[in-house]
Amino acid sequence: MRAKIVAGNWKMNKNAQETESLLAELFAKLPDTEAEVIVAPTFVNLATAVSCLENSIIQVAAQNMHFAENGAFTGEISTDMLLNINVDVVILGHSERRSHFGETDDLLSKKVQTALEKNMRIIFCFGEELEDRKSDNHFGVVESQLKNALFSLDASAFKNIVLAYEPVWAIGTGETASPEQAQEMHAFIRETIASKYDSSTANNVSILYGGSVKPANAKEIFSKPDVDGGLIGGASLNSDDFIAIIRGI
Ligand code: 13P
């Protein structure tokens with residue numbers, strides 16, 4: 001059975017003290033859940049997060065990484081540096097990385113390759129822009145994002161990959177995809193993987209939905225058969241909201 005996952009992408013939020021207090025709240029309030037719970041604070045607070053969560057089932061992820069092992073890449077962070085502080089999950093391909101920092105499918109393909117070589121688990125984000133949906137091109141865009149960054153991999157690589165469908169028009173806008181829109185796209189993603197690989201690969205990969213997931217809409221979105229959890233931005237910055245979303249699984 002594929003994993004259910006609720007992951008919080010904190011983006012560029014929370015200083016060291018705020019990170020510690022939010023994690024202490026999550027640690028104290030986390031209910032029994034069948035979901036894996038992951039949080040992704042900023043790079044500078046990852047080590048703090050790992051130590052705060054030492055005795056918790058909550059896992060820690062990075063929001064990005066470089067594809068090279070080391071070297072002259074000012075401002076960048078390598079997989080070895082993450083693994084060295086016991087972070088073995090990384091978010092790649094977030095739309096903010098793509099749009100603000102020019103990350104292309106080609107670059108993402110290199111990052112994916114490196115992360116897999118290092119045995120890291122990847123939360124791979126993708127999703128269409130508003131214009132793509134308006135012009136009825138959303139399936140085509142999603143298919144090409146998957147194909148360009150992931151489809152040169154062997155089927156076995158998908159054991160270490162979690163997919164996160166995040167329609168750009170729903171990120172931070174308060175406008176979430178309807179549960180039906182999410183289900184329709186997640187089913188399409190699964191079919192696309194089944195036709196490139198096989199049905200077992202498709203059925204075993206977790207596909208998260210991201211984009212304005214809140215306590216009020218989480219349960220309904222998560223109830224859809226091909227939605228295996230969520231990647232949460234804004235609502236993951238408040239412990240009560242994040243816990244309420246986890247309860248929606
Ligand atoms: P919001 O939940 O704030 O819309 O952000 C979603 C997201 O980008 C998670 O990666």
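Note that ligands are numbered from 1 as they come in the structure, with each ligand's atoms numbered from 1 the same way.
For the side chain to side chain donor-acceptor pair (under 3.5 Å) condition, the pairs that include at least one residue of residues 122-136, sequence neighbours left out, are Glu128-Arg133, Glu128-Tyr165, Glu128-Trp169, Arg133-Tyr165.
Looking at Asn9 against ligand 1, only its side chain comes within 4.0 Å, counting heavy atoms. Of all the heavy atoms of Ala170, the ones lying under 4.0 Å from any atom of ligand 1 belong exclusively to the backbone.
Contact detail for Phe43 and Ala62: the closest heavy-atom pair is CE2-CB, 3.9 Å. Closest of all the heavy-atom pairs between Phe124 and Ala149 is CZ-CB, 3.4 Å. Taking all atoms of both residues into account, the shortest heavy-atom contact from Ile123 to Ala164 is CG2-CB, 4.0 Å.
In this structure, Gly211 has a heavy atom closer than 4.0 Å to ligand 1. Within the 4.0 Å heavy-atom shell around ligand 1 one finds Lys11. Taking 4.0 Å as the cut-off, Ala235 does not count as a neighbour of ligand 1 on heavy-atom distance.
Inspection of the Ser109 and Asp106 side chains reveals no N or O donor paired with an N or O acceptor under 3.5 Å.
In terms of N/O distances under 3.5 Å, ligand 1 is approached by Ser212. For Gly172, a nitrogen or oxygen atom sits less than 3.5 Å from a nitrogen or oxygen atom of ligand 1, counting backbone and side chain alike.
Salt bridge present: Asp240 and Lys29 bring a charged side-chain N and a carboxylate O closer than 4.0 Å. Between Asp241 and Lys214 no salt bridge is recorded (no basic side-chain N to carboxylate O distance below 4.0 Å).
When Gln145, Lys147, Arg98 are each tested for a side-chain hydrogen bond (donor to acceptor under 3.5 Å, both in side chains) with Asp105, only one passes: Arg98.
Nearest protein heavy-atom contact of atom 2 (O) of ligand 1 is Gly233 N, 2.9 Å.
Checking Glu96, Glu166, Gln63 against atom 7 (C) of ligand 1, the nearest heavy atom belongs to Glu166.
Residue-ligand proximity, His94 to ligand 1, at heavy-atom distances under 4.0 Å covers atoms 7 (C), 8 (O), 9 (C), 10 (O). Against a heavy-atom cut-off of under 4.0 Å, Gly234 is close to the following atoms of ligand 1: 1 (P), 2 (O), 3 (O). With ligand atoms numbered from 1 in the order given, ligand 1 contributes 9 (C), 10 (O) to contacts under 4.0 Å with heavy atoms of Leu231.
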